Amino acid sequence: MDSIEFEDLQRRLKALEEENAHLKALGAADQTLRRRAESALAESEERYRTLFNSIDEGFCIIEFFDGPHGPLSDYVHVEANPAYTQHAGIPNVVGQKVREMVPDEADGWVELYSDVLRTGRPIRFERELIATGRHLELAAFRVEPASRKQVAVLFQDITARKRAERELQQLNETLEARVVAALAERKLMADLVEGTDAFVQVVDPDFRWLAINGASAREFHRIYGILPKVGDNMLELLEGQPEHRDAVRALWSRALAGEAFVEIAEFGAPGRARRFYEMRFNCLRDGSGRPLGAYQFSYDVTDRLKEQERLREAEEALRQSQKMEAVGQLTGGLAHDFNNLLTGIIGSLELLQIRLGQGRIKDIDRYVTAAQGAAKRAAALTHRLLAFSRRQTLDPKPTDVNRLVIGMEELVRRTVGPEIAVEVVTSGGMWATLIDASQLENALLNLCLNARDAMPEGGRLTIETANRWLDEHAAAELDLSPGQYVSLCVTDTGAGMTPEVIARAFDPFFTTKPIGQGTGLGLSMVYGFVRQSGGQVRIYSEVGQGTTMCLYLPRHYGKEADKPSPPPTRNAVRSEASHTILIVDDEPSIRMLLTDALEEIGFNVMEAHDGPSGLNILQSDARIDLLVTDVGLPGGMNGRQLADAARTTRPALNVLFITGYAENAIIGNGQLAPGMQVLTKPFVVEALAARVLEMIKDGTGRT
């Protein structure tokens, strides 16, 4: 074999080896995919089995087959959960045929379920399982495809309810028979009402007693000093007590008109012991439905109401105690954090002063940087505290929550890291909500960070939006008014929370993180912000099963949500000194800083220390292009009142409120008029300059 043939053989051998390696790689990939598919299937089957075994209702799957009675004339139980035995009273049904289990009832059950199998229409019905004496409430639907010949059945035992209904029906029939008999024999409630502790009265349409038991007559005498008897007219007996006569007439007139109702009221003549009574009124009719009068069952509930009042006072005392405990926890945590921050600020400024006195200016930048950093952290802490107390200054606008979530998706992915899979599920046709979008973004990011911390080994984080219509029951559970809401939920697959942790999750400074890894204000800030915005926050969690945090925000019925506007940027062009700004603030240091900053830009600046003095300037002939005012001012006039008074003579005046604490009522329930904006203290000079330049431009058409 020459060298050429040998080299050719080597090339062919190498090609075969490469092909073999490629085939091995493909085989390995197929095995990996198959293992993943098998793993996913196993997980899905495990979730199904857990749900199947844990639901309270009985559940089974039956499969039809051709029997001796014809095609599809019998069925066998192929699956059944543990609750099947509890509700049906038959154990070990898997593998049992209905004609062997309940042969006397089999035809009826086969007829019902075979119709579901044949038509595909689900059914709901009630039926007695005679073999065990159980009344069942059932729902059945076909398991697709129909070729499987299977029907799923969900049911529960309602035997107790049926028994109670029968007993109530029997009681009503007995009572009606006794009343009719009493009317026929003109004994009217005789033995039945005379022996009871209830106060029983029956009157005709003219307010004349047809019957009154001894207990009621004695109580009437105790209250009004008059002993009534059958045949007396109650209005005539109370002729000398017009106040009580009119009250009695008003109540009995409703019953005589056919109304059935319950009333609790206080009765008694002046100078006598007054008591509270629970009175049940109804119309009295004969066998043909013709009204004969009205009757009343009354009970003295004075002691019960006093006990309820004592209980209410005890609950209020408990709430006050809990409130004081929360305040103590809040002030303790606040003092600790602020002392740390103030130490950094005071120490840095003190060293800065020493270095300047020594003429050593080389290292002063680090002291300035340290003081600024501590001040910014203090500002962030006060912001969180205001959010918790629902007193932060908000800028609510119609917001599309879907757009907001999608816009934050990439930031969330980068923040939680690659070990956590992020899934965003948005609903179509989402309603708008009136919210401070930036604060909602902060709240969402906070929830995502908490979810990340709950999954140190990785997991899945799901952000989901939906429209919610809360009825009275659902709204009451959430402490909200019934109506339409937008929900924003964050779900993790982390460690979950115990009920004790859930109960304290929104408390200020409460955290389960190690020392130094959390302030304990994150969730309390989210809670305060959402509640201030008219919504609610709820935690759904189980230990080992993960956590879902849901925000419920009221639907906004106004205009369509606006797209978020880009943040304002500072105009590099200095303003000519042809614009005048009035600053109103009671703090001299703030007026000094604002004046210096705005004069540095090139504005003319005027100052006032309170609302009345600021209003004097605004009512003069001086040109004012922008009013910058604190919300809380001395002198009996706050910043909003000052702005409203100024606009009566200067309707086009632009107003910038600066505030570190503002009740929504002061700035109009969060709704500012056109030409008014809010800047929250503390702020950097750059932010003030950008906002002022923006408002001056909006107001004059030029910078």
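Note that this is a predicted model, so its numbers are computed, not measured.
Applying the salt bridge (charged side-chain N to carboxylate O under 4.0 Å, His left out) rule to R413 yields the partners E409; only residues at least two apart in sequence or on another chain are considered. Evaluation of the salt bridge (charged side-chain N to carboxylate O under 4.0 Å, His left out) rule for R468 yields no partner, not counting sequence neighbours. Residues forming a side-chain hydrogen bond (donor to acceptor under 3.5 Å, both in side chains) with D479 (at least two apart in sequence, or on another chain): R531. Q150 pairs by the side-chain hydrogen bond (donor to acceptor under 3.5 Å, both in side chains) definition with E63, R148, not counting sequence neighbours. Residues that satisfy the side-chain contact (heavy atoms from CB on, under 4.5 Å) test with A152, not counting sequence neighbours, are F59, I61, F141, V143. Legend: residues meeting side-chain contact (heavy atoms from CB on, under 4.5 Å) with T415, ordered by chain and number and at least two apart, are L411, L445, L449, R452. Remark: E144 pairs with R142 by the side-chain hydrogen bond (donor to acceptor under 3.5 Å, both in side chains) rule, at least two apart or across chains. Taking the side-chain hydrogen bond (donor to acceptor under 3.5 Å, both in side chains) definition, one finds that Q545 meets it with nothing, sequence neighbours left out. In this view, A474 and L470, D471 satisfy the side-chain contact (heavy atoms from CB on, under 4.5 Å) rule, not counting sequence neighbours.
Within the 4.5 Å cutoff, the side chain of R124 has no heavy atoms near those of the L138 side chain. By the 4.5 Å heavy-atom criterion applied to side chains, T547 and Y540 are not counted as neighbours. Residues C448 and L461 have side chains in contact (heavy-atom distance under 4.5 Å, counting atoms from C-beta outward). With contacts defined as side-chain heavy-atom distances shorter than 4.5 Å, the pair V151/V153 qualifies. Counting heavy atoms from C-beta on, the side chains of F155 and H87 come closer than 4.5 Å. Side-chain atoms of I62 and V78, non-hydrogen and from C-beta on, never get closer than 4.5 Å to each other. Contact check for M497 versus V543: no side-chain heavy atoms found under the 4.5 Å cut-off. Contact check for T491 versus E464: no side-chain heavy atoms found under the 4.5 Å cut-off.
Here the closest heavy-atom approach between residue L444 and residue M408 is recorded as CD2-SD, 3.9 Å. Shortest non-hydrogen contact noted between K149 and L117 is CA-CD1, 3.6 Å. The minimum heavy-atom distance between L480 and Y552, with the atom names listed, is CD1-CB, 4.1 Å. Here the closest non-hydrogen pair linking L688 and A597 is CD2-CB, 4.4 Å. A pairwise comparison of heavy atoms in W431 and N467 identifies N-OD1, 3.1 Å as the closest pair. Nearest heavy-atom pair, V93 versus A80, reported as atom, atom and distance to 0.1 Å: CG2-CB, 3.5 Å.
Judged by distance alone, the side chain of T433 and the main-chain N or O of V486 form no donor-acceptor pair under 3.5 Å. Without hydrogens or angle criteria, S541 side chain to I539 main chain gives no donor-acceptor distance under 3.5 Å.
Atom CD of Q532 and atom CG of D436 lie 9.0 Å apart (nearest 0.5 Å). Going from atom CZ of R555 over to atom OH of Y485 covers 12.5 Å, rounded to the nearest 0.5 Å. With rounding to the nearest 0.5 angstrom, the CD atom of Q536 is 5.0 Å from the OH atom of Y527. How far CD of E137 is from CG of L154: 9.5 Å, rounded to the nearest 0.5 Å. In this structure, the separation between CG on L553 and CD1 on I435 is 4.5 Å, given to the nearest 0.5 Å. Expressed to the nearest 0.5 Å, how far CD1 of I55 lies from CG of N81 amounts to 5.0 Å.
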> Given the rule in the side-chain contact (heavy atoms from CB on, under 4.5 Å) test, do F657 and Q677 qualify, once you have shown the distances and angles that lead to the verdict?
Replying inline: CA-CA 6 Å; F657 295 106; Q677 295 190 29; over 6 Å; no

> Could you walk me through whether Q156 and E57 pass the side chain to side chain donor-acceptor pair (under 3.5 Å) check?
Replying inline: CA-CA 5 Å; Q156 60 180 341; E57 290 80 3; 5.4 Å; no

> Yes or no on side-chain contact (heavy atoms from CB on, under 4.5 Å) for L440 and L488, after CA distance, side-chain angles and deciding distance?
Replying inline: CA-CA 10 Å; L440 183 58; L488 172 59; 4.1 Å; yes

>> Go through it in stages, so that I can follow the logic: the residues are V94 and E79, the test is side-chain contact (heavy atoms from CB on, under 4.5 Å), and I'd like the CA-CA distance, side-chain angles, deciding distance and then a yes or no.
In response: CA-CA 6 Å; V94 175; E79 284 194 71; 5.5 Å; no

>> Please determine whether side-chain contact (heavy atoms from CB on, under 4.5 Å) holds for the pair I658 and V678, giving the CA-CA distance in whole Å, both sets of side-chain angles, and the decisive distance to 0.1 Å.
In response: CA-CA 6 Å; I658 53 173; V678 177; over 6 Å; no

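The environment of CD in E542 is sparse: at most 12 heavy-atom neighbours from other residues, nucleotides or ligands sit within 6.0 Å.
Annotation: salt bridge (Lys or Arg N to Asp or Glu O under 4.0 Å) contacts involving residues 489-499, sequence neighbours excluded, are absent. Screening residues 527-557 for disulfide (SG to SG under 2.5 Å) gives C489-C550 as the qualifying pairs, with residues at least two apart or on separate chains.
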Please table the atom pairs, donor to acceptor, closer than 3.5 Å between any side-chain atom in residues 418-430 and protein atoms at least two apart or in another chain.
residue	atom	partner	partner atom	Å
E423	OE1	R460	NH1	3.4
S427	OG	T465	O	2.7

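With V412 as the fixed residue, the side chain to side chain contact (heavy atoms under 4.5 Å, CB included) test singles out one of I463, L447, V490, V405: I463.
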